[in-house]
Number of protein chains: 2
Amino acid sequence: MAAEWDAEGRAAARPLLTDYYQATMALGYWRAGRALDPAEFELFFRRCPFGGSFALAAGLRDCMRFLRTFRLLDADVQFLASMLPPDTDPAFFKHLRALDCSGVPLLQVSGPLLLVQLLETPLLCLVSYASLVATNAARLRLIAGPDKRLLELGLRRAQGPDGGLTASTYSYLGGFDSSSNVLAGQLRGVPMAGTLAHSFITSFSGNEVPPDPMLAPAAGKGPRVDLVASVNLWLERVCAHLGLGLQEPHLGEQAAFVAYALAFPRAFQGLLDTYSVRRSGLPNFLAVALALGELGYRAVGVRLDSGDLLQQAQEIRRVFRTTATQFQVPWLEAVPIAVSNNIDEEELARLAQEGSEVNVIGIGTSVVTCPQQPSLGCVYKLVSVGGQPRMKLTEDPEKQTLPGSKAAFRLLGSDGSLLMDLLQLAEEPPPQAGQELRVWPRGAQEPCTVRPAQVEPLLRLWLRLGELCEPLPSLSESRAFAQQSLSRLSPAHRRLQSPAVYQVALSEKLRALVDSLSAGGLL
Amino acid sequence: MAAEWDAEGRAAARPLLTDYYQATMALGYWRAGRALDPAEFELFFRRCPFGGSFALAAGLRDCMRFLRTFRLLDADVQFLASMLPPDTDPAFFKHLRALDCSGVPLLQVSGPLLLVQLLETPLLCLVSYASLVATNAARLRLIAGPDKRLLELGLRRAQGPDGGLTASTYSYLGGFDSSSNVLAGQLRGVPMAGTLAHSFITSFSGNEVPPDPMLAPAAGKGPRVDLVASVNLWLERVCAHLGLGLQEPHLGEQAAFVAYALAFPRAFQGLLDTYSVRRSGLPNFLAVALALGELGYRAVGVRLDSGDLLQQAQEIRRVFRTTATQFQVPWLEAVPIAVSNNIDEEELARLAQEGSEVNVIGIGTSVVTCPQQPSLGCVYKLVSVGGQPRMKLTEDPEKQTLPGSKAAFRLLGSDGSLLMDLLQLAEEPPPQAGQELRVWPRGAQEPCTVRPAQVEPLLRLWLRLGELCEPLPSLSESRAFAQQSLSRLSPAHRRLQSPAVYQVALSEKLRALVDSLSAGGLL
């Protein structure tokens, strides 16, 4: 079993994580003597998600891991044998048992027909959601702007354990700063964040006696102080300053804050809305933060999880300022305010507006489930077999495919701006910078000319004959690459609502091939 | 590592598949001397999904597996130690290392405070999506009616590998008949279905020569027949009957159908829409099906994946009928017609309407991603600690919780109809059949009385002190239980649009506890 789990301790996709028709087609190819025909598939999507003009393609590492370890075990082959016709040639199962991807040279997946067909579903499964959630995270980052800290906390809303791990990994790649998911921290190195939930607060009634209420100063020198007593003194002063009765702040909440502060004096955060933010959460937080402050510790923040988050943040910041002045503790003014609670794109825009006092934004459901469009619709289509281009010529033009083994290039203007992406046949010479090209923008009836000042190839060779051609980027390298790529898009393309369409064009040869196959196929 | 994967070969949720604040709160409880306080959490949701009045609660098996194997490994504890403050008491980490769930007696999770807090996120992750997708599948089943075969094929649209496995498992539980997902078949026993994709068809040009075109009759007796030659003869007769030119059916498609028929003579299905349904897919299918028929084999179906599915199915059935008459093959009339292609609730209703000729419906994206509501919003709330009830008293009434350890009962009328569900405190005696009860429907300002003819307890004890109390139901048993439970709902509650609200009521004692804690907490 060990072989099925990778060095990151994660369940890799397994060969049988696939649609059954891949297995029946494999037998069909075998019976037709075509299992080893050289074939090429392309994985792509037809439309950028969420009505936008960009998508981040993600999942490379997962795909490489899957391809490098692809092998059907005896139990897998036996299971398939139990489902397929009983008189199936035993040599077919021997063939399955011996399959591995040491013959697959390209990410545009080329290799023996039977094998590269079998790879369809798992590759789609590994790329499609990873790209969708990375793109979704990138949109949320664009809305939030560069300065807000974005925290992903959607594990409990994901499609089971691995959905959660995928979501945390790829929302970080797309531009989030951290995740609540510990496993994503342990296995993927995603920065983690988290402090306390309402249950921690409600678990305290106020009658609890901490086994050791004494806390040493942050610098380590000086006598230990009874934090409970100190907080009680501070609470009187805070209530007087805020015009609150001393009985208003909830005793259980106060005990919970003290307990948390004793465990995390250097990382105290208050969750303010278990009872009443203004009359309980805020004064209790201030009392604990000020008592810690006397010992040289700085509270790291407050969190709100209900109500009008923007308006409460303004009010809390105002109280921080008056309290900082009142007690001459200037650091209190800048204590970060974190918010969460069903934040979607619209609410995020509100929280990120000019003058907002919110510093940290936690998003769960709407980053993980991508409610605006919960699937990307990637497809994996046969483009060539036996060296001959193939095309799906359905009557639904939307579902037609582009035939032939292809190369892809990004064409740039002299100012580095992106002009368009160009698809051409792999056999064509790459376009040259400065050269005038006649190309066919997708959907256009007429060709146009373009003279790129720079040309960048878009496809990279990652895996050849089962071996990595170069080291995979780390997750944080991929994250930086994604942000850098997005920054090159023009504002019109980066815009989230009604963006300009980013042009993808076909070379004349590719266009001619499409035309000739369309005509032939529909005779 | 082996211990982390269960007997079904599946990655169980791991203890660190959790939000980081569970770990920081654990340290907080520890530091406050409260790690072992007896505590109870409840996992619930506030509103039925999709605007309906019911939900299937699913995920029991996954939760039991998680709880029974819950144990932090050395590497897990070391990882947490690297993230938590460096001066953390080493005894805390020893405590973590020794934790297991052999002290957890109830599904309403009771146990030591620190431990049951740590269980929050993984349990939410295991229950929430499973219940959502099971409920979604149940809705689709209700729309389709009992006779259509429903096939789940959403693996490629799921949130990574495990999202796909969860989706296939629980859409079967919710009422689907089968799944395309082979791993769900292998690990969970979900019936599998699948035949061929467009890529199989487009991989054939028509120039291929099958290594062995000979096929023996189904009964095994009699000479083998050259299927290629027989199909060619039949194609002439079919084209003449349909008024098509013999050059119209695509040769590659014909070769693909023959290849598939040679591999699966007993399970031949034609995918009709790669080129043109009417002029190519249908005549090619008929030629192969009739050639197979001569040998005693019956084609198992056709599939459509584009265009107007309902209208094409009517047309195909019409052609089946005339062809059956023409060639005196009555079985052809009833060949099942399967359809797929972004089918949602609305399109499903259309396909399931009276007189529809569609027999099998494949649904991917919209069962797996639950686009109408992509998360269920389950929560896990502390209801009791140290024997004292706990309640979250936020200013947002929507987020308040019901305090105290509870029991739940379903109250039925004398005709077996469901009257309401009743929540009461665990310490109260269970309601008796025939007894008049004064209860408080949720949201109502006044109590009402109800006299149930039957009373069914809703909670079952599954796990006590780490041991299963009774064998878990099999997946197909759970599926039958779900369908039986749904059949007991009145039509008004089962209705998918604007259903009657199913009433949940509180006992007088529970209601009084809510009132007294609300008053106390908001002093």
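In what follows, chains carry the letters A, B, and so on, assigned in the order in which the sequence lines appear, proteins first and then strands, with residues in each chain numbered from 1.
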Worksheet item: Who among A:Arg156, A:Gln22, A:Met192, A:Met83 has the most heavy-atom pairs with chain B under 4.5 Å?
Response: A:Arg156
Response to the item:
Given B:Gly252, B:Ala167, B:Ala263, the one with more heavy-atom pairs under 4.5 angstrom with chain A than any other is B:Ala263
Worksheet entry | Part of A:Ala193 within contact of chain B (heavy atom distance under 4.5 Å) | backbone
Worksheet item: Given the options B:Gly163, B:Gly364, B:Ser180, which has more heavy-atom pairs under 4.5 Å with chain A than any of the others?
Response: B:Ser180
Discussion item. Could you tell me if the side chain of A:Gln269 sits less than 4.5 Å from the side chain of B:Tyr21, heavy atoms only?
Written reply: no
Discussion item. Please classify the contact between A:Gln388 and chain B as side chain, backbone, both or neither, with a heavy-atom cut-off of under 4.5 Å.
Written reply: neither
Worksheet entry | Residue, of A:Gln373, A:Gln117, A:Lys381, A:His198, that accumulates the most heavy atom pairs under 4.5 Å with chain B | A:His198
Fill in: A:Thr24 to B:Phe264 - nearest heavy-atom pair and separation
O-CE1, 3.2 Å
Discussion item. Please identify which of these residues, A:Val385, A:Leu382, A:Val383, meets the side chain to side chain contact (heavy atoms under 4.5 Å, CB included) condition with B:Thr202.
Written reply: A:Leu382
Discussion item. Among residues at least two apart in sequence or on other chains, which ones pass side chain to side chain contact (heavy atoms under 4.5 Å, CB included) with A:Thr88?
Written reply: A:Leu27, A:Leu84, A:Pro85, A:Phe92, A:Phe93
Response to the item:
Counting heavy-atom pairs under 4.5 Å with chain A, the top scorer among B:Gly245, B:Ala256, B:Ser205 is B:Ser205
Fill in: Side chain / backbone / both / neither for A:Gln186 at chain B, heavy atoms under 4.5 Å
both
Worksheet item: When only pairs under 4.5 Å are counted, which of A:Gly33, A:Ala197, A:Gly307, A:Ala259 shares the most heavy-atom pairs with chain B?
Response: A:Ala197
Fill in: side-chain contact (heavy atoms from CB on, under 4.5 Å) assessment of B:Val182 paired with A:Leu80
CA-CA 9 Å; B:Val182 180; A:Leu80 288 178; 4.1 Å; yes
Item to complete: Pick one of side chain, backbone, both or neither for A:Val368, based on which atoms fall under 4.5 Å of a heavy atom in chain B.
Response: both
Worksheet item: Which one, B:Thr401, B:Leu183, B:Leu376, leads in non-hydrogen pairs under 4.5 Å with chain A?
Response: B:Leu183
Item to complete: For the residue pair B:Ser128 and A:Arg157, establish whether any side-chain heavy-atom pair is separated by less than 4.5 Å.
Response: yes
Worksheet item: Heavy-atom distance under 4.5 Å to chain B: side chain of A:Phe79, backbone, both or neither?
Response: side chain
Discussion item. Rounded to the nearest 0.5 Å, what separates atom CD in A:Gln159 from atom OG1 in B:Thr369?
Written reply: 7.5 Å
Worksheet item: Considering only heavy atoms, which portion of A:Glu120 lies under 4.5 Å from any heavy atom of chain B: side chain, backbone, both, or neither?
Response: side chain
Fill in: Interatomic distance, B:Met25 atom CE to A:Ser199 atom OG [nearest 0.5 angstrom]
4.5 Å
Worksheet item: Side chain, backbone, both or neither: which part of A:Ser179 has a non-hydrogen atom closer than 4.5 Å to chain B?
Response: neither
Fill in: Sidechain-backbone polar pair: A:Arg31 side chain, B:Asp212 backbone, donor-acceptor under 3.5 Å
yes
Response to the item:
Whatever's closer than 4.5 Å to a heavy atom in chain B on A:Leu262 counts as both
Worksheet entry | Part of B:Leu155 within contact of chain A (heavy atom distance under 4.5 Å) | both
Worksheet item: Do you know which of A:Ala158, A:Ala23, A:Cys370, A:Ala184 has the most heavy-atom pairs with chain B at a distance under 4.5 angstrom?
Response: A:Ala158
Worksheet item: Measuring from A:Ser375:OG to B:Asn342:CG, what's the distance to the nearest 0.5 Å?
Response: 7.5 Å
Worksheet item: Is it true that a side-chain atom of A:Arg34 and a backbone atom of B:Ser203 form a donor plus acceptor pair closer than 3.5 Å?
Response: yes
Worksheet, complete the sentence: Assert top hit (heavy-atom pairs under 4.5 Å, partner chain A, pool B:Ile201, B:Thr121, B:Val209, B:Thr195) equals B:Thr195
Item to complete: Mind ranking A:Pro211, A:Ser168, A:Pro371 by heavy-atom pairs under 4.5 Å with chain B and telling me who comes out on top?
Response: A:Pro211
Response to the item:
With chain A, the option among B:Tyr20, B:Tyr260, B:Trp30, B:Tyr380 that has the most non-hydrogen atom pairs under 4.5 Å is B:Tyr20
Item to complete: Quick one: which of A:Ser366, A:Pro210, A:Ala261, A:Gly185 has the most heavy-atom pairs under 4.5 Å with chain B, could you say?
Response: A:Gly185
Worksheet item: Between CG of A:Asp37 and CD of B:Glu208, what distance do you get to the nearest 0.5 Å?
Response: 7.5 Å
Worksheet item: Mind checking whether B:Phe204 and A:Tyr29 have parallel, tilted or perpendicular rings, split at 30° and 60°?
Response: parallel
